[in-house]
Amino acid sequence: MKRAYWFSMIAAVPLLTLGSLSFGDDDDDGVLKFWKKQPGIAPVINPLYKEECGSCHFAYQPGWLPEQSWRDMMSNLDSHFGDNAEVNPANHQAILDYLVNNSADKSDHRRSKKIMQSLGSLTAPQRITETGYFKHEHDEIPDSLVEKNDKVASLSHCNACHQDAEQGSFSEGNIKIPGHGKWDD
Amino acid sequence: MKRSSSLVMYTVLILSAMSVSVRGLAYGSVASDVLAGYQQSGAQPPDPERARVMWTEKYPDDNGKNTRSCASCHTENLRAAGKHVRTNKAIEPLAPSINRERLTDANKIEKWFKRNCKWTFGRECSAQEKSDFLSYILTQ
């Protein structure tokens, strides 16, 4: 009995590895939902970035926008969507490096690739919410649940609806629109 | 078993009491260093009352309407949580009596004075104004 138990544990290791390999880079509804797979977008692991770029809003993953977007944004932090978001020079360089090294054009995560494919003539969008991929994914959500919903107010507030946004997981199974509940289309 | 668990409880209690007092000291000295710095750059002794009035004074927004104040995001009650007026993100209470993390980091104090004076008043604050605000927040 005991031996059989251990045997099955050992056998499970290569199986698990296989599972995560074949479903790598996907946070969507794979068959093996049970085994946590890599998220569709690389999560933010840089503490400086989280602190500096996550204080006023959700810390957007660098993989949502191409390098040129981040370069442009970082050189205009004194007027950042109406706010002053300047950071000191040492932090500025470190944040820019982090953004550039993990930008959508450098990432092989699934959703970053989709963003890049959807850009068209937009070479350096300043908003994730204006990219083709984003618009396509959100065009069915009525205004009453977004702008007219106090708890959301704008589609820019990813984590108001995507429960695991911080982990880089945006799959349909983890969406709850405040005041509306689980999303099933 | 019972005795050892109450021993653990004691240790936890004592340790947390110690960390509270140590942090209390830390915030006191950071804020007073910053205040001393303002006086060195020419500010008169701080006047919390002046800051209390300025806290709710309204300044022009992008449309030229007088809607902006410190209270836009922090509310009029510094002991309450606020939220960013555009992004909706929650802002923890500013009052150190409620939130011990506040005013414990000089760089952070300067960074947010710079950003938020620019947003609210359309310019950076003077050493005197920062001194007033800091002393006001400290009393909350």
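Proteins come first, then strands; the chains are lettered A, B, ... in the order of their sequence lines, and each starts at number 1.
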4.5 Å side-chain heavy-atom contact, B:Lys111 and A:Glu52: yes

Do A:Asp83 and B:Lys118 make a side-chain contact, defined as non-hydrogen atoms from C-beta onward lying under 4.5 Å apart? no

Greatest number of non-hydrogen atom pairs under 4.5 angstrom with chain B, of A:Ala85, A:Ser156, A:Ser154, A:Ala153, falls to A:Ala85

Pair B:Arg115 + A:Glu86, salt bridge at N-O below 4.0 Å: no

All heavy atoms of B:Trp119 vs all of A:Gly82, minimum pair found to be CD1-O, 3.3 Å

Is B:Lys108 atom NZ crowded by more than 12 heavy atoms from other residues, nucleotides or ligands, each under 6.0 Å away? no

In this structure, NZ of B:Lys89 is separated from OG of A:Ser55 (nearest 0.5 Å) by 7.0 Å

Cut-off 4.5 Å, heavy atoms of chain B, and the answer for A:Asp150 is backbone

Where the side chain of B:Arg86 meets the backbone of A:Phe81, is there a donor-acceptor pair that is under 3.5 Å apart?
yes

Taken to the nearest 0.5 Å, the spacing of A:Asn88 CG from B:Asn107 CG works out to 7.0 Å

So, the part of A:His57 with a heavy atom under 4.5 Å from chain B: the answer is both

Interface check, chain A: of B:Thr87, B:Asp61, B:Ile91, most non-hydrogen pairs under 4.5 Å belong to B:Thr87

| request: Give a yes or no on whether B:Val85 and A:Phe58 share a hydrophobic cluster (residues Ile, Leu, Val, Met, Phe, Trp, Tyr; joining criterion: side-chain heavy atoms under 4.5 Å apart). | output: no

